[in-house]
Engineer: 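Got a structure for you, written out below as structure tokens; questions coming shortly.
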Amino acid sequence: MAITMGCIAPIKCNATSIINCNYDHPHSLDASYVKRAVDLSDKSACFTSPHPNFGCVIATTSGAGKVVGEGYLYAQGTKPAEVQAVEAAGEYCRGATAYVNMEPGDCHGDCTAVSAFIKAGITRVVIGIRHPLQHLRGKAIQTLRTEGLHVDVLGEDIRSISIEDALKSCLVVNAPLLYRSACRVPFSVLKYAMTLDGKIAATSGHASWISSKQSRSRVFELRGRSDAVIVGGNTVRKDNPRLTPRHGGGHLPMRIVMSQTLDLPEVANLWDVKEVPTIVVTQRGARRSFQKFLASKGVEVVEFDILNPKDVVDYLYDRGYLSILWECGGTLSASAISSGVIHKVHAFVAPKIIGGKNAPSPVGELGMVEMTQALELSDVSYEQVGSDVLISGYLQPIPDLTPVIPSVDETSAIDPSLSLYDSPIIFFYKTWDPYGSFSNFSPHPIRLPDENGDYVTWSSVEHYYQAHKLVGSSNPSAGSYIEAIHSAKSPEEAAQIGRRTQREHPDMVRADWESIKTKVMYKALKCKFSIYPHLNSMLLSTSGCILVEASPHDLFWGGGRDGEGLNYLGRLLMKLRSEFLGDDDTQKPEISAELRKSLEHEHLVQPLWEPPQCPLEIPIDRLRHYMLARPRSAGDELCL
């Protein structure tokens with residue numbers, strides 16, 4: 001089955017009716033609503049960085065049913081799809097059925113999505129697939145059932161041909177997360193365009209253009225759906241690509257060049273990082289002078305002892321990436337396939353013949369000598385795109401996680417003495433981690449006074465932090481940039497605006513920024529952990545543990561790749577935890593009566609948690625030891 005998921009602008013979800021459905025089977029209506037949730041979940045593609053795709057549909061149960069509310073997750077750190085749907089449905093939620101493509105995940109730290117269903121009076125929830133992340137799988141289902149809601153999971157509680165089709169749609173739309181969870185590498189897609197006789201360029205190396213304009217537009221879409229695009233050095237030398245989506249959306253994937261020797265040109269489109277960042281991965285010690293040149297251009301260089309696709313995707317996994325697009329030549333494609341990191345292939349076949357004994361092919365030497373050794377794709381689809389034919393299929397089937405990774409309850413049943421979170425060091429990074437609510441990207445609005453003393457609500461800590469790079473700037477244009485950051489739909493977009501402004505207009509950044517940025521972050525964090533009791537409780541529960549922001553590339557706020565990072569975000573959280581646990585009452589969470597009344601009115605805060613007295617944390621100088629000794633086991637989902 002081929003599912004086309006195009007770039008569609010964010011929509012306003014209104015009440016609609018499902019039409020043109022065959023209701024002969026009792027589960028056909030369920031299947032149609034779940035597939036609608038799948039379509040919704042894909043709406044943010046090309047607009048934000050890839051993230052778990054959630055869509056929700058709420059429908060009445062009378063007659064053929066009527067959709068009364070819809071929603072989808074726009075980006076990590078934004079309002080859950082389930083909450084959007086409940087708000088859209090309003091009073092029609094009572095007695096209605098909610099349909100979600102994937103089990104709700106607790107990325108807020110307070111079961112927001114599940115609570116929305118329960119409080120709204122939803123009586124039945126139909127779930128496409130269980131959540132693939134170990135620390136989330138099965139929890140929402142259990143909670144909903146405990147609260148008396150009827151829960152059906154596709155393929156488990158209800159089965160039919162139409163249900164199987166809907167289930168497949170659920171797997172496809174979240175394939176990157178499923179592969180990441182099961183294989184512990186990002187979902188990797190190999191894309192190439194070739195002539196009818198299997199050539200990706202003429203003997204001279206000329207390749208513009210093999211495919212049609214429509215096919216090239218589809219490639220832009222594929223890029224927009226990826227966290228990163230990888231090419232080899234030969235592609236840089238011969239094609240000088242830009243590797244930008246050029247689709248009009250907001251998401252710009254990281255551009256990655258793999259080159260062992262750094263035999264690369266000094267002038268290349270990829271070295272222009274004003275709009276899109278570039279990483280060059282290379283062998284340790286290669287052309288130090290050229291590495292310095294790249295660094296002067298703003299290009300990040302990452303060295304490996306031995307450069308190979310497997311180690312690179314392992315690094316990108318640690319970096320939190322979900323999806324990688326490989327647009328490389330035959331040599332690197334063959335190496336990636338041989339390394340087992342390619343999961344899916346998109347081949348655009350043009351009705352052209354170029355010939356040439358030495359003309360390059362899309363995949364180089366794989367060491368196969370018999371046709372019986374050929375790799376066969378599964379779930380193959382064919383689609384005409386312009387004058388070309390797009391052939392797509394999987395080299396590795398979408399994993400079924402149920403028997404691969406046991407749930408928390410199953411783990412306890414196997415060995416009651418095991419605990420997933422008993423390590424003396426706690427890693428957090430993405431908002432969907434077990435401790436993802438510690439992230440400055442988490443979806444927790446904060447409210448703080450501005451320079452005039454007026455309280456302003458910020459959608460996240462990251463919104464506040466990025467805007468305050470410019471607060472107090474003497475540049476008269478700073479105000480418009482601050483407003484753009486304040487209005488950003490997601491923390492990711494706020495960060496993009498702030499970083500781009502700092503890079504392109506350094507004169508606009510306040511002169512004392514480097515000396516006060518940790519104070520700005522601390523102030524925002526303190527507000528966040530003061531007004532959300534469940535976050536305060538979560539932070540206090542980590543007493544005795546080192547907290548590490550697990551970004552392998554951010555050497556200031558994160559712990560770095562091998563523990564060489566300064567881990568300032570983790571340090572600030574541990575400092576805040578110590579302050580909350582202090583004996584001095586003046587060091588406990590403070591919030592003005594005026595602000596508390598305002599926050600209670602907006603339902604952003606409940607009575608504060610009164611922390612117990614507990615020992616302080618392990619000294620920070622043990623951080624590097626823990627980072628270097630950090631395990632990479634099947635249960636380690638904390639680095640997402």
Side-chain angles (χ1 to χ4, degrees), residues 44 48-52 54 73-84 104-116 131 133 135-136 320 322 421 426-448 457-468 485-486 488-496 498 520-542 547-551 554 557-558 567-574 576-577 580 589 599 602-606 609 637-640:
S44 63
T48 64
S49 178
H51 51 268
F54 286 98
L73 181 68
Y74 178 72
Q76 67 162 333
T78 59
K79 185 179 293 186
E82 299 87 347
V83 176
Q84 295 178 46
D106 177 19
C107 296
H108 288 242
D110 59 354
C111 301
T112 305
V114 172
S115 299
H131 205 293
L133 297 185
H135 63 282
L136 297 175
L322 283 176
Y421 315 121
I426 292 176
F427 296 95
F428 63 94
Y429 185 17
K430 295 296 186 180
T431 61
W432 56 83
D433 291 345
Y435 290 89
S437 293
F438 289 177
S439 169
N440 44 309
F441 279 63
S442 74
H444 296 93
I446 60 173
R447 203 167 191 210
L448 287 167
T457 300
W458 300 88
S459 298
S460 71
V461 169
E462 185 66 11
H463 282 77
Y464 178 86
Y465 173 80
Q466 292 295 339
H468 279 71
I485 293 172
H486 182 265
K489 294 181 180 179
S490 69
E492 173 200 349
E493 292 174 358
Q496 288 175 351
V520 170
M521 180 67 79
Y522 189 74
K523 183 177 182 179
L525 291 172
K526 185 173 182 179
C527 178
K528 169 180 162 180
F529 283 90
S530 294
I531 64 177
Y532 293 97
H534 65 283
L535 295 186
N536 190 290
S537 177
M538 181 184 292
L539 181 62
L540 296 178
S541 73
T542 67
L547 304 180
V548 178
E549 203 276 1
S551 168
D554 190 334
W557 295 111
N567 186 39
Y568 264 100
L569 189 59
R571 288 174 183 240
L572 293 182
L573 288 172
M574 289 186 286
L576 184 61
R577 181 179 63 193
F580 286 174
L599 292 171
E602 296 183 22
H603 305 290
L604 292 180
V605 66
Q606 299 172 9
W609 167 272
E637 290 289 354
L638 300 186
C639 59
L640 263 172

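All values below come from the heavy atoms of this structure, side chains included, with hydrogens, waters and symmetry mates left out. Please read all numbers here as calculations on a predicted model, not as lab measurements.
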Engineer: CG/Leu133 to NZ/Lys430 distance, rounded to the nearest 0.5 angstrom?
Structural biologist: 13.0 Å
Engineer: Between Pro445 and Thr457, which heavy-atom pair has the shortest distance, and what is it?
Structural biologist: CB-CG2, 4.3 Å
Engineer: Are Arg571 and Tyr568 in a cation-pi contact, defined as NZ or CZ under 6.0 Å from the six-membered ring centre and within 45° of the axis?
Structural biologist: yes
Engineer: Indicate yes or no: at least one non-hydrogen side-chain atom of Lys489 is less than 4.5 angstrom from one of Thr78.
Structural biologist: no
Engineer: Roughly how far apart are Arg577 CZ and Phe438 CZ, rounded to 0.5 Å?
Structural biologist: 8.0 Å
Engineer: Do Trp557 and Asn440 touch side chain to side chain, with heavy atoms closer than 4.5 Å?
Structural biologist: no
Engineer: I'd like to check Val461 versus Cys527 (side-chain heavy atoms, cut-off strictly below 4.5 Å). Are they in contact?
Structural biologist: no
Engineer: Which heavy-atom pair separates Ile485 from Gly498 by the least distance, and what is that distance?
Structural biologist: CD1-CA, 4.0 Å
Engineer: Between Leu73 and Pro52, which heavy-atom pair has the shortest distance, and what is it?
Structural biologist: CD2-O, 3.4 Å
Engineer: Nearest heavy-atom pair of His463 and Ala488: which atoms, and what distance?
Structural biologist: NE2-O, 3.0 Å
Engineer: Considering only heavy atoms from C-beta outward, does the side chain of Tyr465 approach that of Trp458 to under 4.5 Å?
Structural biologist: no
Engineer: As an exercise, state the distance from CZ of Phe529 to CG of Leu572, rounded to the nearest 0.5 Å.
Structural biologist: 11.0 Å
Engineer: Apply the side-chain contact (heavy atoms from CB on, under 4.5 Å) test between Leu569 and each candidate in Leu547, Val548, Leu525; give the one that qualifies.
Structural biologist: Leu525
Engineer: State the OG-CD1 distance between Ser459 and Ile446, to the nearest 0.5 angstrom.
Structural biologist: 9.5 Å
Engineer: About how many Å separate CZ of Phe441 and OH of Tyr429, when rounded to the nearest 0.5 Å?
Structural biologist: 8.5 Å
Engineer: Do the side chains of Gln76 and Ser439 get nearer than 4.5 Å, heavy atoms only?
Structural biologist: no
Engineer: Can you give me the closest heavy-atom contact between Ser460 and Ser442, atom names plus distance?
Structural biologist: CB-O, 3.6 Å
Engineer: Indicate yes or no for a side-chain donor-acceptor contact from Asn567 to the backbone of Glu549 under 3.5 Å, with no hydrogens or angles considered.
Structural biologist: yes
Engineer: Quick one: CD on Glu462 to CD on Gln496, what's the gap to the nearest 0.5 Å?
Structural biologist: 10.5 Å
Engineer: Give the ring-plane orientation class for His534 versus His444, where under 30° counts as parallel, over 60° as perpendicular and anything between as tilted.
Structural biologist: tilted
Engineer: Of all the heavy-atom pairs spanning Ser437 and Met538, show the shortest one and how long it is.
Structural biologist: CB-SD, 4.4 Å
Engineer: Verify whether one side chain among Tyr74 and Glu493 offers a donor that lies under 3.5 Å from an acceptor in the other.
Structural biologist: yes
